[in-house]
Every structure is written in structure tokens, then in C-alpha cells.
Amino acid sequence: DGGITQSPKYLFRKEGQNVTLSCEQNLNHDAMYWYRQDPGQGLRLIYYSQIVNDFQKGDIAEGYSVSREKKESFPLTVTSAQKNPTAFYLCASWGESYNEQFFGPGTRLTVL
Amino acid sequence: GQNIDQPTEMTATEGAIVQINCTYQTSGFNGLFWYQQHAGEAPTFLSYNVLDGLEEKGRFSSFLSRSKGYSYLLLKELQMKDSASYLCGRSNDYKLSFGAGTTVTVRA
């Protein structure tokens with residue numbers, strides 16, 4: 001089955017530690033995205049990548065970093081510079097027609 | 001952001017109809033998306049409108065007016081499982097920006 005996987009579903013980290021969230025897709029999509037969602041709010045774009053070895057900052061990129069070494073993978077690192085990292089993180093991808101964005105199941109990160 | 005506005009909450013009775021409005025900034029606009037999101041889960045795709053008019057898909061319909069920067073999602077014959085958050089999303093330049101979402105509560 002084609003789709004997007006994110007692991008783990010729940011992640012706990014101590015304050016001051018960097019943490020990397022994984023996102024893998026087997027849909028053969030070029031474009032991949034990372035969003036953050038806080039309670040009662042919509043999705044805010046962190047970073048996106050339209051092609052391998054290239055990515056752009058979204059609306060709230062500060063304190064985050066990404067890489068896109070393979071088409072299938074777009075990991076997100078939440079650094080210690082991110083002041084409020086506790087949130088629900090969603091990875092998504094977009095096919096050539098850009099008429100539907102597919103989402104992974106999400107990772108809920110809690111920083112203690 | 002892209003100035004995407006939608007109501008925060010709506011409540012309706014099982015079997016009724018609910019209309020969720022969404023207004024957005026028109027400059028650089030490509031298309032309008034609607035997603036459904038149950039609590040703690042990922043959003044699931046409902047509809048995509050590029051041209052003006054109404055598109056019907058079963059119990060759900062979506063309308064777009066490009067010139068007015070306005071869309072609505074119409075949910076008919078409401079069922080308890082329709083209780084969820086509904087996200088309006090606007091695309092431009094290969095980016096998708098979302099509103100804060102409308103929480104719909106369906107009551108028996």
C-alpha cells in the first residue's frame with residue numbers, strides 16, 4: 001500500500017535536546033512538507049521540499065532543520081533553539097497534479 | 001499567513017445540514033482545499049476546487065467563488081461520525097496554507 005509513514009507516534013524528550021522526526025513516503029511524490037499543529041489551531045508550515053537536495057523555509061522555520069537526501073525521506077530535526085517544541089507534527093506529500101496533499105499519521109512530541 | 005478565516009465552532013443535529021464558510025486572500029491563489037480531521041488524527045482530504053461553482057461528492061459539497069475569495073463546505077444528512085474539525089486550505093506557489101479549522105459537533 002502506498003502512503004506516508006511517520007515514526008514514532010509519540011515521542012518524549014528532555015528540554016535542551018535535539019530530536020529528529022522521521023517521514024517516509026512510497027508515493028513517488030517530489031514535494032514533501034512538514035507542518036506543526038497546536039491545540040485548537042490549524043496547520044502551520046515549517047519547511048517544504050519540492051525536489052531532492054532542495055528545501056525552503058515555511059512560515060515558522062526558526063528552531064527547526066530538515067534534509068532531503070532521498071526522494072522518499074524528509075526528516076525534521078527539532079533543535080534546542082525551538083522555544084515551544086511540544087506539538088503535533090504532520091508530514092505530507094504532494095503529487096504532480098497538486099490536487100490532493102497526502103498526510104502521514106503524525107508524531108506527537110512532548111518536551112519535558 | 002494567507003488570511004484564511006473560518007468560524008471556530010458549529011453545532012448541528014443529526015440528519016441536518018451545516019455550511020462552513022471560508023474566506024481567503026485572493027492574490028496568488030491557485031486552489032481551495034477542504035480536509036476533515038478527527039481529534040488526534042491526520043487530516044483526510046475532502047475536496048479541491050479550482051474553478052468557480054459547486055462540486056458535489058456524496059453527502060459533502062464544496063463551493064468556490066474566486067472573485068470573492070469565498071468558499072463553503074456543505075455537509076448534508078449529518079451523522080455522528082461527522083463530528084470533527086474541518087480545515088480550509090488555500091494553495092499558491094506549491095504551498096498549502098490552512099485556516100484554524102472549524103469544529104463541528106453533531107448532536108443526537
Nearest 0.5 angstrom please: B:Ser91 OG to A:Gln101 CD, how far?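 Answer rounded to 0.5 Å: 9.5 Å.
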
In terms of heavy-atom proximity below 4.5 Å to chain B, should A:Gln50 be classed as side chain, backbone, both, or neither?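 Contact with chain B involves the side chain of A:Gln50 alone.
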
Examine whether an atom of A:Gln6 lies under 4.5 Å from a heavy atom of chain B, and if so say whether it belongs to the side chain, the backbone or both; otherwise answer neither. neither

Which one wins on heavy-atom pair count under 4.5 Å against chain B: A:Tyr33, A:Phe88, A:Tyr35, A:Phe103?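 Heavy-atom pairs under 4.5 Å are most numerous for A:Phe103.
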
Among the options A:Asn99, A:Leu45, A:Leu90, pick out the one with the most heavy-atom pairs lying under 4.5 Å from chain B.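 Of A:Asn99, A:Leu45, A:Leu90, A:Asn99 has the most heavy-atom pairs under 4.5 Å with chain B.
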
Using modelled atom types and a 3.5 Å cut-off, is there a donor and acceptor pairing between side-chain atoms of A:Tyr48 and backbone atoms of B:Leu96?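 Such a contact is absent between A:Tyr48 side chain and B:Leu96 backbone.
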
Run the side chain to side chain contact (heavy atoms under 4.5 Å, CB included) check on B:Tyr48 and A:Ser97 step by step: do they pass? CA-CA 11 Å; B:Tyr48 173 59; A:Ser97 59; over 6 Å; no

Part of B:Gln6 lying under 4.5 Å from any heavy atom of chain A: neither

Give me the atom names and distance for the closest heavy-atom approach of A:Gly104 to B:Ala42.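 Nearest heavy atoms, A:Gly104 then B:Ala42: O-CB, 2.9 Å.
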
So which residue, B:Tyr94, B:Tyr35, B:Phe33, ends up with the most heavy-atom pairs under 4.5 Å with chain A?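 Looking at each option in turn, the highest pair count goes to B:Tyr94.
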
Does [atom1] belonging to [X] count more than 12 external heavy atoms closer than 6.0 Å?
X       : atom1 : answer
B:Arg59 : CZ    : yes
A:Lys9  : NZ    : yes
B:Glu77 : CD    : no
B:Leu54 : CG    : yes

Side chain to side chain, B:Pro43 and A:Phe102, heavy atoms closer than 4.5 Å: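 Sidechains of A:Phe102 and B:Pro43: no contact.
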
With a 4.5 Å heavy-atom cut-off, do B:Gln37 and A:Gln37 have their side chains touching?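 Side-chain contact under 4.5 Å: yes.
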
